[in-house]
> 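What follows is a single structure, and I will ask about it in a moment.
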Amino acid sequence: MLSVAFIRDNKDLVLKRLAIRNFANAENIIDNIIELDAKTRATKSKLDNANAESNKLSKEIGLLYKSGEVQKANLVKEKSSQIKDEVSQLRSHLLLDADQVLKMLYEIPNIPNELVPPGNNEEDNEIIFEEGSIPKLHKNALPHWELAKKYDIIDFELGTKITGAGFPVYKGKGAKLQRALISYFLDKNSDAGYEEVQVPHVINEASGIGTGQLPDKEGQMYHIGIDNLYLIPTAEVPVTNLYRDVLLKENDFPILHTAYTPCFRREAGSYGAHVRGLNRLHQFDKVEIVRVEHPNNSYNSLDEMVNHIKTILIELGLPYRILRLCGGDLGFTAALTYDFEVFSTAQNRWLEISSVSNFESFQANRLKLRFKNKDGKSQLAHTLNGSSLALPRVLAAILENFQTENGIRIPEALIKYTGFDLID
RNA sequence: GGAGAGGUGGCCGAGUGGCUUAAGGCGCACGCUUGGAAAGCGUGUUUAUGAGAAAUUGUAACAGGGGUUCGAAUCCCUUUCUCUCCGCCA
């Protein structure tokens with residue numbers, strides 16, 4: 001979330017940038033926040049004074065008792081009781097108002113970076129880069145859900161029996177290819193300096209709030225009611241939350257992590273060809289990269305992450321393009337996001353396989369993730385993350401783009417991980 | 001799941017109602033000392049937030065939340081985590 005002090009000092013900028021997101025009602029909420037915050041601080045000041053007075057009297061009472069002046073002590077006690085009423089009243093007002101401010105802050109999305117183009121939806125995203133050649137397929141080429149059936153490597157119906165739609169079962173070479181991709185991605189990320197971590201796949205409420213999934217967006221996560229825990233929608237949540245309530249030193253930067261986890265998303269809604277097969281699932285695998293950075297370096301890091309993902313896609317031989325998300329398509333917590341899409345030849349469409357974002361201090365503010373700067377003051381760090389990469393659509397693209405009449409070839413870079421070079 | 005014991009600063013650890021934001025030690029930083037280092041000595045060493053140009057200073061925080069009291073690290077309730085024993089178990 002944005003900090004109140006920032007909103008207070010940069011109101012015009014905040015409004016201008018939020019307009020790029022088409023964020024409705026911004027001015028109203030911002031004004032309310034500023035007003036209520038001023039009130040809150042005035043109350044706090046009164047409360048502080050009352051507490052100071054009460055502390056003083058309490059000390060007096062202690063001394064009076066010690067010197068045996070009980071009657072005098074009782075007089076002071078009465079006075080102190082009155083202040084106590086005032087304190088408890090001020091306190092409850094303060095808590096109520098502060099809570100209200102926080103609630104309003106939760107409603108405000110991150111302000112977009114100045115590179116973010118205006119726009120309403122995905123059609124307004126800017127294509128900024130494109131690379132790789134689109135293969136010519138034989139005339140009996142199939143979409144991946146047909147290929148999955150033909151070679152018996154992914155069983156969607158079986159998953160439906162076990163759990164429900166959107167929970168596929170990978171079989172044989174399909175399962176091995178998944179495992180190979182996970183290892184391959186993790187190795188590439190490690191080689192680039194990202195430290196591998198294994199994290200819980202279930203998170204508590206505080207973690208969900210830290211990275212912005214909670215409050216308000218709980219409907220997108222699976223909730224384990226009996227323990228009040230959530231299945232992770234992405235490794236971003238547990239990995240970034242490793243740094244919740246942490247005060248770093250400047251020389252701790254940069255912090256780079258990579259993690260493989262399954263991801264669980266309820267994603268209720270859409271049906272049809274666009275969500276067929278592997279295109280949209282309730283459970284899928286993903287290897288994530290996460291960085292915690294000094295604010296001066298975070299955009300540099302974002303570029304590094306983008307370049308890193310490029311090298312993976314080139315090595316896999318998948319044609320891809322990079323989009324800069326427009327204001328209307330930008331996620332709630334992000335300041336700038338680049339999406340990677342690979343071209344699925346058999347479906348004749350682009351599939352999103354990675355999303356790389358700088359959150360600036362938006363998550364850090366919720367996480368209380370700070371560092372001591374050169375002046376010895378604590379300052380919010382910047383967080384970033386990206387998929388490197390999401391498996392199902394990479395798998396779909398490989399199946400579709402590498403199909404031949406004799407079977408599906410395995411990209412060169414993966415063969416040492418799969419142990420086979422053809423699915424037939 | 002059952003029974004018991006616990007959670008104090010970067011770390012160890014004292015503290016069972018008032019001069020305790022917290023003894024003592026370790027660690028760390030700076031200074032003195034030294035040819036240099038160690039030891040020794042001295043000074044300093046939490047965070048958040050308000051006021052102030054600053055020195056400084058008010059308030060809050062002893063796992064989290066609530067309560068008793070003029071006053072809580074200390075007493076009560078509750079949540080949570082850790083440890084020990086028992087049970088179950090890959």
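Reminder, nothing fancy here: chain letters follow the sequence lines and each chain counts from 1.
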> Just the rounded figure in Å: distance from P of G65(B) to CZ of Arg91(A).
9 Å

> Do Asn279(A) and Gln347(A) pair up side chain to side chain, a donor and an acceptor below 3.5 Å, judged on atom types alone?
yes

> So what does Leu57(A) touch, heavy atoms closer than 4.0 Å: a base, only the sugar-phosphate, or nothing?
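Here Leu57(A) touches no strand at all.
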
> So which nucleotide does A54(B) pair with, by the Watson-Crick or G-U wobble rule with both distances under 3.5 Å?
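Pairing partner, where one exists within any strand: none, as none qualifies.
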
> By nearest atom, which of the nucleotides G67(B), C70(B), U47(B) is closest to the Arg370(A) side chain?
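Selected nucleotide (nearest to the side chain): U47(B).
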
> Which is more 5' along RNA chain B, the nucleotide nearest Leu247(A) or the one nearest Lys59(A)? Just name the residue.
Lys59(A)

> Can you give one letter per nucleotide of nucleotides 50-64 of chain B, going 5' to 3': B for a protein heavy atom under 4.0 Å from the base, S for sugar-phosphate only, - for none?
--------BSS----

> Give a yes or no on whether the ring-centroid distance for Tyr230(A) and His223(A) is below 6.0 angstrom.
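Yes; His223(A) has its ring centre under 6.0 Å from that of Tyr230(A).
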
> At under 4.0 Å between heavy atoms, what does Lys368(A) touch on the DNA or RNA strands: base, sugar-phosphate, or nothing?
nothing

> Select base, sugar-phosphate, or nothing to describe what Ser58(A) touches, counting heavy atoms under 4.0 Å on all strands.
base

> Please classify the nucleic acid contact of Ile83(A) as base, sugar-phosphate, or nothing, using heavy-atom distances under 4.0 Å.
nothing

> Can you tell me which nucleotide in U69(B), U47(B), C19(B) comes closest to the side chain of Ser378(A)?
U47(B)

> Look at the side chain of Ser183(A) and the backbone N and O of Ala180(A), then say whether any donor-acceptor pair between them is shorter than 3.5 Å.
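Not at all, since once roles are kept as given, no pair shorter than 3.5 Å links the two residues.
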
> Among G18(B), U47(B), G67(B), which nucleotide sits nearest the side chain of Ile61(A)?
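Out of G18(B), U47(B), G67(B), the nucleotide with an atom closest to Ile61(A)'s side chain is G18(B).
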
> Using the salt bridge (charged side-chain N to carboxylate O under 4.0 Å, His left out) rule, pick out the option among Arg41(A), Lys39(A), Lys44(A) that qualifies with Asp97(A).
Lys39(A)

